[in-house]
Amino acid sequence: MDHFHLRDGTLWCEDVSLERIAAEVGTPVYVYSAATLRRHARVFREGLAAAGPVHLAYAIKANPNLGVLRVLADEGYGADVVSAGEMKRALAAGIPTAEVVFSGVGKTEGELATGLDAGIGQFNLELEEEGVVLGALAAARGVRAPAVLRVNPDVDAGTHAKISTGKRENKFGVPIDQAPAMFARLATVPGLEMRGVACHIGSQLADLAPLEAAYARVGELVAELRAAGHAISRVDLGGGLGVPYRREDRLPSPADLGAMVARVTAGWDVELMFEPGRVIAGNAGVLLTRVIWVKPGGTNPYVIVDAAMNDLARPALYDAWHDFEAVRPSGERFVASIAGPVCETGDTFARDREIDAVARGDLAVFRTAGAYGATMASTYNSRSLVPEVLVDGDRYAVVADRVAAEALIAAERVPDWL
Ligand code: LLP
């Protein structure tokens with residue numbers, strides 16, 4: 001459920017009309033609903049409550065805007081970060097350092113040191129050598145780094161290949177069959193405090209079966225590590241729960257996930273952790289755009305909007321579907337393709353789709369754009385970096401500015417030898 005709804009024939013976010021935001025901020029612009037973020041944060045927490053007390057670290061990569069992070073910090077969420085930049089955002093938003101989990105397959109030595117100096121709560125190790133380097137950095141500081149070993153359970157998550165992470169050939173985690181020996185070696189590294197294991201098999205999961213298979217393997221590993229004498233206090237079960245991108249999509253709910261987790265992890269006797277991203281932020285945001293032209297096409301018309309692949313990359317990258325709705329729907333529908341102004345054919349949001357009939361100057365939204373939207377934006381074609389707005393009740397704030405060409409040009413220079 002989200003808080004974008006029609007009121008008097010036009011689309012509102014909570015108690016603010018999108019027409020007003022378009023008039024005052026301009027388009028394209030991302031619009032987030034604080035009430036929806038809060039609701040998703042609570043529904044996820046309540047769903048997982050079936051599995052006992054869990055530690056929730058919001059995966060910042062999904063939507064790292066400071067305003068969004070503050071809403072989730074106020075909901076008691078920690079943060080899963082994958083770079084020093086994300087760590088700085090988490091801390092700037094007021095998330096306690098102890099609640100920050102540092103994931104990522106390529107943490108640099110400098111980033112590991114930054115995390116240690118900040119005193120973050122957990123490092124998710126992706127390879128043995130990383131643990132050795134982290135241990136040395138910690139020992140030099142007279143501390144022990146809290147760490148878990150991320151394992152690759154070799155499970156096909158059944159999602160898009162580019163966002164699958166739990167197959168043996170993927171770059172993530174260590175092969176689960178090698179984990180016991182590796183864990184034993186890491187447990188002897190001075191400066192490391194090995195607390196448990198982590199796993200994350202992919203994103204936009206529409207089926208719980210692969211997750212359940214992965215968790216079951218992790219459970220066997222926990223038992224094996226305990227039998228070998230290791231104290232295992234934490235298991236991080238990652239993120240990945242999918243969201244409905246089409247109105248008719250039916251996905252497992254957080255409560256379904258919680259029931260499965262409760263069943264699979266019964267008796268583990270560990271602190272469970274989760275790293276949800278998309279399920280929290282996805283349907284809490286839309287990309288608001290204006291129709292520049294409706295261009296007669298060779299087959300169907302092209303709706304050319306002022307948002308493009310640089311603002312919302314998911315259709316171009318993953319052939320992802322985002323529902324498209326007129327802000328003031330007339331009730332008329334037509335079949336059209338939707339594209340942005342960028343000069344490549346990949347800049348197409350939808351092909352030959354039945355959509356609300358729109359005309360030049362009309363406003364429309366791409367739905368489910370709150371996760372992996374603005375954060376993946378670029379300035380390709382020297383387009384502005386898209387701004388972001390956070391609505392809360394009848395208030396809204398611009399929580400990220402439009403960064404226009406002048407600012408981008410100001411960050412560049414022509415060498416004086418040219
Ligand atoms: N934890 C780890 C270690 C991850 O790699 C990810 C996502 C998450 C948690 C959060 O997963 P979520 O709950 O959001 O599914 N740009 C792609 C998605 C990339 C996901 C990367 N990792 C997209 O737009 O679909």
Side-chain angles (χ1 to χ4, degrees), residues 30 37 40-41 43-44 47-48 55-64 68 72 77-83 86-87 90 100-107 122-126 148-153 157-167 170-174 197-208 210-211 214 218 235-245 251-254 257 261 272-285 287 309 311-322 349 366-378:
Y30 278 91
L37 289 166
H40 291 171
V43 167
F44 193 83
L48 270 296
H55 179 105
L56 300 175
Y58 165 65
I60 284 194
K61 63 172 79 70
N63 186 327
V68 168
L72 297 173
Y77 273 65
D80 169 56
V81 304
V82 293
S83 67
E86 285 193 348
M87 189 193 321
V100 175
V101 175
F102 203 160
S103 300
V105 70
K107 303 187 248 350
Q122 179 174 305
F123 292 85
N124 288 10
L125 302 178
E126 286 271 355
V148 303
L149 182 61
R150 177 172 178 182
V151 297
N152 182 321
T159 186
H160 192 283
K162 288 185 184 167
I163 54 176
S164 285
T165 53
K167 284 287 288 169
N170 295 141
K171 67 177 173 177
F172 299 99
V174 303
V197 292
C199 121
H200 170 81
I201 62 167
S203 194
Q204 185 54 15
L205 308 184
D207 180 5
L208 294 181
L211 269 183
V218 168
V235 176
D236 182 341
L237 293 177
L241 192 60
V243 300
Y245 278 92
L251 280 106
S253 68
L257 175 66
V261 170
L272 288 179
M273 307 175 62
F274 292 88
E275 302 166 350
R278 190 188 318 258
V279 71
I280 305 292
N283 275 306
L287 174 57
M309 65 188 286
D311 306 305
L312 177 62
R314 302 193 68 260
L317 267 180
Y318 320 112
D319 291 319
W321 177 289
H322 287 264
F349 293 107
F366 290 103
R367 285 271 197 168
T368 319
Y372 306 111
T375 186
M376 292 173 66
S378 76

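Numbering of ligands and ligand atoms starts at 1, following listing order.
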Just which atoms of ligand 1 are under 4.0 Å from any heavy atom in [X]?
{"X": "Glu275", "value": "1 (N), 2 (C), 3 (C), 8 (C), 9 (C), 10 (C), 13 (O)"}
{"X": "Gly240", "value": "11 (O), 12 (P), 13 (O), 15 (O)"}
{"X": "Gly239", "value": "9 (C), 13 (O)"}
{"X": "Arg150", "value": "3 (C)"}
{"X": "Ser203", "value": "11 (O), 12 (P), 14 (O), 15 (O), 20 (C)"}
{"X": "Gly277", "value": "12 (P), 13 (O), 14 (O)"}

4.5 Å side-chain heavy-atom contact, [X] and [Y]:
{"X": "Lys61", "Y": "Asp80", "result": "yes"}
{"X": "Tyr58", "Y": "Val68", "result": "yes"}
{"X": "Phe274", "Y": "Leu241", "result": "no"}
{"X": "Leu257", "Y": "Val279", "result": "no"}
{"X": "Gln204", "Y": "Val243", "result": "yes"}
{"X": "Tyr30", "Y": "Leu312", "result": "yes"}

Counting heavy atoms only, which part of [X] comes closer than 4.0 Å to ligand 1: side chain, backbone, both or neither?
{"X": "Met376", "answer": "side chain"}
{"X": "Phe172", "answer": "neither"}
{"X": "Val82", "answer": "neither"}
{"X": "Lys162", "answer": "neither"}
{"X": "Ala59", "answer": "side chain"}

Answer yes or no: is there an ion pair linking Asp236 with Arg150, defined by an N-O contact shorter than 4.0 Å?
->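 Here Asp236 does not pair with Arg150 in a salt bridge, since their nearest N and O are not under 4.0 Å apart.
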Measure the distance from [atom] to every protein heavy atom, then report the residue, atom name and distance (to 0.1 Å) of the closest one.
{"atom": "atom 24 (O) of ligand 1", "result": "Arg314 NE, 2.6 Å"}
{"atom": "atom 20 (C) of ligand 1", "result": "Tyr372 OH, 3.6 Å"}
{"atom": "atom 21 (C) of ligand 1", "result": "Lys61 CD, 3.7 Å"}
{"atom": "atom 17 (C) of ligand 1", "result": "Tyr318 OH, 3.2 Å"}
{"atom": "atom 19 (C) of ligand 1", "result": "Ile163 CG2, 3.7 Å"}

Results of side-chain hydrogen bond (donor to acceptor under 3.5 Å, both in side chains) for Glu86 - residues two or more places apart only =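 Listed in chain order: nothing, the list is empty.
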Among Arg278, Gln204, His200, whose heavy atom sits nearest atom 11 (O) of ligand 1?
-> His200
Determine yes or no for a side-chain-to-main-chain donor-acceptor pair under 3.5 angstrom, with Lys107 supplying the side chain and Asn124 the backbone.
-> yes
Sub-4.0 Å heavy-atom contact, Thr165 with ligand 1 = no
Parallel, tilted or perpendicular: which describes the rings of Phe366 and Phe349, with under 30° parallel and over 60° perpendicular?
->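 Tilted, since the angle between the ring planes falls between 30° and 60°.
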Sequence-distant partners of Arg367, salt bridge (charged side-chain N to carboxylate O under 4.0 Å, His left out), two or more places apart |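 Arg367 satisfies salt bridge (charged side-chain N to carboxylate O under 4.0 Å, His left out) with Asp2, Glu325 only.
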